[in-house]
Amino acid sequence: MKSFEQALELVIERARLACESLSATQPVERVPTMQALGRVLAEDLRSEIDVPPQDNTQMDGYAVRSSDLEQAAGQPMRVSQRIPAGAIGQPLEPGTVARIFTGAFVPQGADAVVMQEAVQIHGADGSMVSFAQAPQPGQWIRRRGEDVTRDQVVVSAGTILTPQALGLAASVGLAQIAVRPRLRVACFFTGNELVMPGEPLPAGSIYNSNRFVLVNLLQALGCEVSDLGIVKDNLDATRAALRAAAASCDVILTCGGVSVGEEDHVKPAVQAEGSLDVWQVAIKPGKPIAFGQVGRAQFVGLPGNPVSAFITFLMLVRPFLLRMQGVTAPQALQPPRLPVRAGFAWSNPDKRREFLRVRLQPDGSLALFANQSSGVLTSTVWGDGIVDNPAGQAISPGDTVHYLPFERLGA
């Protein structure tokens, strides 16, 4: 059996090669910056300007020449101009100050800004002001290029574009962004027992929860999803579904039927239509998971138990799909675990690496969902993350464990 680390390394390498193949055949897309949320950046974003483009004030107040204030020694000084944001002031006359507002460019000759709360105003028209003390040069001024300098890479290729990254792109004037094409993923679900919500539930049948979990996880990753629905436990039907998916998609994802039972047809179907590597990964839940290829499409087969499908997707399929889309940052592919105090006991650990469903408590400790079975989907809704527990590792209350919030995994 592969360890989790071995399986992850193989998954990432497989995805890297697939990404290179896709890059050779699929041109990048240029989309409006406002529409690029969640896309993967295809080219470094470089600034053609300094940000800010000129020295400007951090707050409302008065632009001054600090040496003039030292000479004035607290005596009233004339306000020679008013500079709102968006206006260009005149060079500051010696012995005067300028009324200035947040974001406005500091006029030539001024070397500091005094906040309005520290200024004494004289006269009804506010044309004369005095200062208790002279400011230090540079006070309350944002310098030109303080945030971004010309030709600086502001966002690197391979980054998933967040709202703040798009704001940064906009701040350097980029109206369009080059992004990777969306990954086309076809998925289907095997099992004669599966029916859809809203349909009658015959004896021996179950509602297909995996379809709702996995399709939405794929869409949350920015994939273009073709949902082929439920495929009956039949070799010919499974082969036909694989051929149809491979004709138009980059990745095929199935759920169920990857084990070795007589009714598990996915493995022989993939072997007949392409190639298959079945990795028995030493994790719990989710030991059976398959990777392979059908035509030009990558193949991923997940186990059918709901929690197993959910966990294997988050821990192995998610980084695989992100890497295929060109994401390279290690922290995006495998987010760091957080050291958190266990508020529970786990006295009978498995010989495999375990992913335990937990919830963070108000006191900063972690509570454990009572039933850790791979069929109890309730644990993934009650919980807000997992404890990544090494094989054979017992846990006592107060021990430090490795906590991974679902939100870091896009769930």
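The structure displayed is predicted, hence computed values, not measured ones.
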So which atom in Asn210 and which in Gly304 form the shortest heavy-atom distance, rounded to 0.1 Å? ND2-O, 2.7 Å

Does some side-chain heavy atom of Leu217 sit less than 4.5 Å from a side-chain heavy atom of Leu314? yes

Is a donor on one side and an acceptor on the other found under 3.5 Å between the side chain of Ser365 and the backbone of Arg341? no

Do Trp346 and Gln372 pair up side chain to side chain, a donor and an acceptor below 3.5 Å, judged on atom types alone? no

Might you confirm whether atom CD of Glu117 has over 12 heavy atoms from other residues, nucleotides or ligands at distances under 6.0 Å? yes

So does Leu168 get a backbone contact from the side chain of Ser171, meaning a donor-acceptor N/O pair under 3.5 Å? yes

So do Arg46 and Asp151 actually touch side chain to side chain, heavy atoms under 4.5 Å? yes

Considering all heavy atoms, the nearest Val195-Pro200 contact: CG2-O, 4.1 Å

I need the minimum non-hydrogen distance between Ala110 and Leu92, along with the two atoms involved. CB-CD2, 3.9 Å

Is Glu9 atom CD crowded by more than 12 heavy atoms from other residues, nucleotides or ligands, each under 6.0 Å away? no

Walk me through whether Asp68 and Phe131 qualify under side-chain contact (heavy atoms from CB on, under 4.5 Å). CA-CA 11 Å; Asp68 285 351; Phe131 304 84; over 6 Å; no

Main-chain N/O of Gln90 paired with Gln81 side-chain donor or acceptor, under 3.5 Å: yes

Is there a side-chain contact between Asp250 and Leu183 (heavy atoms, below 4.5 Å)? yes

Can the ring centroids of Phe310 and Phe406 be said to lie less than 6.0 angstrom from one another? yes

Counting distance only, does the side-chain N/O of Thr149 pair as donor-acceptor with the main-chain N or O of Gln152 below 3.5 Å? no

Side-chain touch Val376/Arg357, heavy atoms, less than 4.5 angstrom: no

Residues Arg359 and Asp384 bridged, charged N to O under 4.0 Å: no

Residue from Thr96, Ile121, Val97 passing side chain to side chain contact (heavy atoms under 4.5 Å, CB included) with Val79: Val97

Side-chain donor or acceptor of Arg318 paired with backbone N/O of Leu409 under 3.5 Å: yes

Looking at Gln133, I'd like to know if its CD atom is crowded, meaning that more than 12 non-hydrogen atoms belonging to other residues, nucleotides or ligands lie closer than 6.0 Å. no

Do the numbers put Arg99 on top of the ring of Tyr62, so that NZ or CZ is under 6.0 Å from the six-membered ring centre and no more than 45° off the axis? yes

Short side-chain to backbone donor-acceptor contact, Arg353 and Ala391, under 3.5 Å: no

Could you tell me whether the side chain of Gln176 and the main chain of Val31 form a donor-acceptor pair under 3.5 Å? no

Could you check whether Glu43 pairs with Arg30 (Lys NZ or Arg NE/NH1/NH2 to Asp/Glu carboxylate O, under 4.0 Å)? yes

Should Ile12 and Pro319 count as side-chain neighbours, where that means a heavy-atom distance under 4.5 Å? yes

Say whether, by atom type as modelled, one donor and one acceptor occur between the side chain of Gln293 and the main chain of Gly295 under 3.5 angstrom. yes

Contact summary for Ala332 and Leu322, nearest pair of heavy atoms: O-CD1, 3.8 Å

Quick one, Pro303 and Thr312 - any side-chain contact, counting heavy atoms below 4.5 Å? yes

Looking at side-chain heavy atoms only, is the closest gap between Ile206 and Leu194 below 4.5 Å? yes

For Ser379 and Val307, which heavy atoms make the closest approach, and how far apart are they? OG-CG2, 4.0 Å

Arg39 and Ile177: side-chain contact (heavy atoms from CB on, under 4.5 Å), yes or no, with the steps? CA-CA 10 Å; Arg39 302 297 293 271; Ile177 295 179; over 6 Å; no

Taking atom CZ as the centre, does Arg296 end up with more than 12 heavy-atom neighbours from other residues, nucleotides or ligands that are less than 6.0 angstrom away? no

Within a reach of under 6.0 Å around CZ of Arg243, are more than 12 heavy atoms found that belong to other residues, nucleotides or ligands? yes

Using modelled atom types only, decide if a donor and an acceptor are shared between the side chain of Arg408 and the backbone of Pro336 within a distance under 3.5 Å. yes

Distance-only side-chain donor-acceptor flag, Arg180 / Ser23, under 3.5 Å: yes

Would you find a donor on one side and an acceptor on the other, under 3.5 Å apart, between the side chain of Ser3 and the backbone of Gln6? yes

Residue Met34 excluded, over 12 heavy atoms near CE under 6.0 Å: no

Flag the pair Pro197 / Phe212 as yes when at least one side-chain heavy-atom distance between them is below 4.5 Å, and no otherwise. yes

When you look at CD of Gln164, are more than 12 heavy atoms from neighbouring residues, nucleotides or ligands closer to it than 6.0 Å? yes

Heavy-atom neighbours of Gln136 CD exceed 12 at 6.0 Å: no

Could you go step by step and tell me if Ile83 and Phe101 meet the side-chain contact (heavy atoms from CB on, under 4.5 Å) rule? CA-CA 7 Å; Ile83 312 173; Phe101 297 87; over 6 Å; no

Give the intermediate values and the outcome of side-chain contact (heavy atoms from CB on, under 4.5 Å) for residues Leu366 and Leu360. CA-CA 5 Å; Leu366 292 170; Leu360 192 63; 3.7 Å; yes

